[in-house]
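Down below is the structure, laid out as structure tokens.
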Amino acid sequence: MSEQEIIVVIGATGAQGGGLVRAILADSGGRFAARGITRNQGSDKAKTLTELGAEMVQADLDDVESLTTALAGCHGAFCVTNFWEHFSPEKETQQAANLAQAAKNAGVRHVIWSTMEDTRNWVPLDDDRMPTLMGNYKVPHSDAKGAANQTFIDLGVPTTFLLTSFYWENFIYFGMGPQKGPDGVYGITFPMGDKKMPGIASEDIGRCAFGIFKQGDALIGKTVGIAGEHLTGAEMAAALGEALGLEVRYNDVPPEVYRGFDFPGAEDLGNMFQFFRDFNDDFCAARSIEQSRELNPALQTLAGWLAEHTEQIPIE
Ligand SMILES: NC(=O)c1ccc[n+]([C@@H]2O[C@H](COP(=O)([O-])OP(=O)(O)OC[C@H]3O[C@@H](n4cnc5c(N)ncnc54)[C@H](OP(=O)(O)O)[C@@H]3O)[C@@H](O)[C@H]2O)c1
């Protein structure tokens with residue numbers, strides 16, 4: 001029988017959790033073993049993780065009993081929710097509460113909750129510098145995660161609160177890569193002015209989470225913010241241009257213009273980028289590159305990430 005302690009990884013087939021499963025498996029013979037959670041053990045991603053050596057277990061964030069069963073006997077649990085699958089902050093709140101309850105039921109000794117700021121602590125709902133969305137939020141996908149921190153605290157779950165950063169994979173999958181402008185020059189567009197945005201390779205989120213589990217008790221009850229680099233729009237454009245061998249410019253647009261773009265979630269992201277811009281000192285200070293590298297010595301810069309991923313960036 002294995003002497004290893006089990007880390008249950010929610011979202012194992014996704015970006016954040018996948019990075020953690022791979023980090024645990026790469027440390028074969030180490031302290032931890034990986035139990036990945038999926039709704040569909042037959043998916044290609046789940047089967048790949050099984051082949052790599054993870055135990056894959058079926059559970060659903062909407063079903064607290066399935067989560068409690070999945071967490072039984074584990075040492076730690078990495079908890080993440082996927083707002084972009086349903087666009088409902090109330091559903092995200094309920095799923096986070098289910099995770100916290102299941103962790104309490106199962107007596108998990110160390111939970112990492114992948115969270116973000118509740119921006120309403122900086123921009124109250126009656127502050128009209130940005131519109132209130134969905135009745136009760138400024139940045140729905142961020143506020144719901146930040147507000148859920150308290151649920152883990154209230155239930156007495158030993159939790160590390162992991163503040164994540166903008167994935168550089170958004171240049172591949174989220175439609176944020178360089179787009180050709182009317183003059184034929186490519187550009188990336190953010191309402192960030194000349195402020196810096198903390199960014200990270202999504203794989204490094206899981207690797208940092210692995211570092212947190214290894215540090216253990218010292219980080220329970222603490223908030224840990226992670227980033228690979230803090231870069232301005234102009235610096236990101238320059239790195240993309242260098243990697244792609246193209247001129248890429250940074251288009252700074254006002255947040256209200258960004259909110260009006262024609263894609264699902266544009267208002268949410270417009271408010272998010274405005275929050276990053278207007279509270280930039282707080283937002284960046286909460287995400288230490290130095291601590292991220294201590295947790296994960298393989299932490300990538302944007303240029304380092306681009307060296308491996310430039311070919312995946314869609315250029316039309
Ligand atoms: N994009 C960014 O820049 C960024 C930055 C910071 C934070 N985030 C946050 O990251 C979160 C998404 O994480 P990700 O990018 O790692 O996800 P992802 O790659 O889109 O994958 C989603 C994962 O969630 C699992 N999942 C979704 N609904 C589930 C349910 N009901 N029950 C069980 N598992 C469920 C999926 O598992 P199965 O499909 O296998 O069941 C899958 O593993 C979002 O909430 C987003 O706000 C994103």
Side-chain angles (χ1 to χ4, degrees), residues 8-22 34-50 54 56-71 77-89 91-99 102 112-119 137 139-146 148 161-177 190 197-209 225-228 236 264-265 268-269 271-273 275-276 283 286-287 302 305:
V8 171
V9 183
I10 311 297
T13 57
Q16 297 189 28
L20 175 57
V21 171
R22 286 182 284 277
R35 179 186 294 164
I37 301 304
T38 178
R39 289 163 294 182
N40 178 8
Q41 289 160 299
S43 73
D44 288 347
K45 287 180 176 174
K47 284 198 265 185
T48 301
L49 292 172
T50 303
M56 292 301 290
V57 166
Q58 197 276 332
D60 195 311
L61 292 173
D62 296 323
D63 175 357
V64 73
E65 275 183 42
S66 74
L67 293 171
T68 302
T69 303
L71 288 166
F78 177 80
C79 295
V80 61
T81 47
N82 185 13
F83 177 88
W84 303 109
E85 184 170 310
H86 46 71
F87 291 77
S88 164
K91 190 173 172 85
E92 188 159 46
T93 300
Q94 184 59 55
Q95 291 185 338
N98 290 347
L99 283 165
I112 297 177
W113 165 232
S114 177
T115 189
M116 292 179 70
E117 282 84 353
D118 183 344
T119 67
Y137 305 91
V139 184
H141 78 278
S142 188
D143 297 349
K145 290 180 180 66
F161 302 93
L162 180 66
L163 285 173
T164 56
S165 291
F166 177 90
Y167 305 173
W168 289 320
E169 281 75 8
N170 295 332
F171 295 128
I172 303 174
Y173 304 116
F174 223 70
M176 293 184 183
F190 298 105
M197 181 156 67
I200 195 163
S202 62
E203 191 76 7
D204 281 331
I205 297 176
R207 291 176 183 160
C208 288
I226 54 171
M236 289 188 282
D268 188 327
L269 292 177
N271 280 7
M272 177 191 80
F273 287 123
F275 171 74
F276 291 179
F283 191 70
R287 289 160 174 79
L302 175 57
W305 176 84

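A quick note: this is a predicted structure, and the numbers were derived from the prediction, not measured. Numbering starts at 1 and runs along the sequence shown. Counting convention: from 1, in listed order, for ligands and their atoms alike.
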Taking only non-hydrogen atoms of Ala59 and a 4.0 Å limit, the atoms of ligand 1 in range are 33 (C)
Quick check: does Phe83 get an N/O under 3.5 Å from an N/O on ligand 1?
yes
Among all protein heavy atoms, pick the one closest to atom 21 (O) of ligand 1 and tell me residue, atom and distance.
Gly14 CA, 3.4 Å
Under 3.5 Å: N/O of His141 near N/O of ligand 1:
no
Any chance you could lay out the side chain to side chain contact (heavy atoms under 4.5 Å, CB included) test for His141 and Met272, step after step, and finish with the verdict?
CA-CA 9 Å; His141 78 278; Met272 177 191 80; 3.5 Å; yes
Side chains of Ser114 and Gln16: donor-acceptor distance under 3.5 Å anywhere?
yes
Working to the nearest 0.5 Å, report the span between CD of Glu117 and CZ of Phe161.
13.5 Å
Examine the proximity of ligand 1 to Gln95 and report which part, side chain or backbone, both or neither, has a heavy atom under 4.0 Å away.
side chain
Please work out which of Tyr167, Trp84, Tyr173 has its closest non-hydrogen atom nearest to atom 13 (O) of ligand 1.
Tyr167
Classify the side-chain pair Asp143/Thr119 by whether it contains a donor and acceptor separated by less than 3.5 Å.
yes
Would you check whether Leu61 has a nitrogen or oxygen atom less than 3.5 angstrom from a nitrogen or oxygen atom of ligand 1?
yes
Do Ser165 and ligand 1 have an N or O pair less than 3.5 Å apart?
no
Just need the protein heavy atom nearest to atom 26 (N) of ligand 1, so name the residue and atom and give the distance.
Arg39 NH2, 3.6 Å
Please write down residue, atom name and distance for the protein heavy atom closest to atom 9 (C) of ligand 1.
Gln16 NE2, 3.8 Å
Atom 45 (O) of ligand 1: nearest protein contact (heavy atom, Å)
Thr81 O, 2.6 Å
List the atom of Cys79, the atom of Leu99, and the distance in Å for their closest heavy-atom pair.
CB-CD1, 3.8 Å
Per-atom filter on ligand 1: closer than 4.0 angstrom to a heavy atom of Glu92 are 45 (O)
Can you establish whether the number of heavy atoms outside Glu65 located under 6.0 Å from its atom CD is more than 12?
no
Atoms in ligand 1 with a heavy atom of Thr38 nearer than 4.0 Å:
38 (P), 40 (O), 41 (O)
Numbering the atoms of ligand 1 from 1, which are under 4.0 Å from a heavy atom of Lys145?
44 (C), 45 (O), 46 (C), 47 (O)
Just going by heavy-atom distances, which of Leu163, Val139, Asn82 is nearest to atom 20 (O) of ligand 1?
Asn82
Examine the proximity of ligand 1 to Asp60 and report which part, side chain or backbone, both or neither, has a heavy atom under 4.0 Å away.
both
N or O contact, Ile37 vs ligand 1, cut-off under 3.5 Å
no
I'd like to know whether the aromatic ring centres of Phe166 and Phe174 sit less than 6.0 Å apart in this structure.
no
Could you give the distance from CG (Leu67) to CD1 (Ile10), rounded to the nearest 0.5 Å?
5.5 Å
Examine Phe166 against ligand 1 and note whether any of their N/O atoms are separated by less than 3.5 Å.
no
Shortest protein contact, atom 19 (O) of ligand 1 (heavy atom only):
Ala15 N, 2.8 Å
With a 4.0 Å cut-off on N to O distance, would you call Lys145 and Asp118 a salt bridge?
no
Looking at CZ of Phe273 and CZ of Phe190, how far apart are the two atoms once the value is rounded to the nearest 0.5 Å?
5.0 Å
Say whether Glu169 and Trp305, considering side chains only, have a donor N or O and an acceptor N or O under 3.5 Å apart.
yes
When only distance counts, is Thr13 in polar contact with ligand 1, meaning an N/O pair under 3.5 Å?
yes
Short version for Ala46: what comes under 4.0 Å of ligand 1, heavy atoms counted, is neither
Nearest 0.5 Å, what's the CD1-CG distance between Ile226 and Leu162?
4.5 Å
Can you tell me the protein heavy atom closest to atom 1 (N) of ligand 1 and the distance?
Asn170 OD1, 3.1 Å
I need the minimum non-hydrogen distance between Phe171 and Met176, along with the two atoms involved.
CD2-O, 3.5 Å
Atom 7 (C) of ligand 1 [closest protein heavy-atom partner, distance rounded to 0.1 Å]
Thr164 OG1, 3.3 Å
If you measure from OH on Tyr167 to CD1 on Ile205, what distance do you get to the nearest 0.5 Å?
4.5 Å
Among non-hydrogen protein atoms, atom 25 (C) of ligand 1 lies closest to Gly11 CA, 4.0 Å
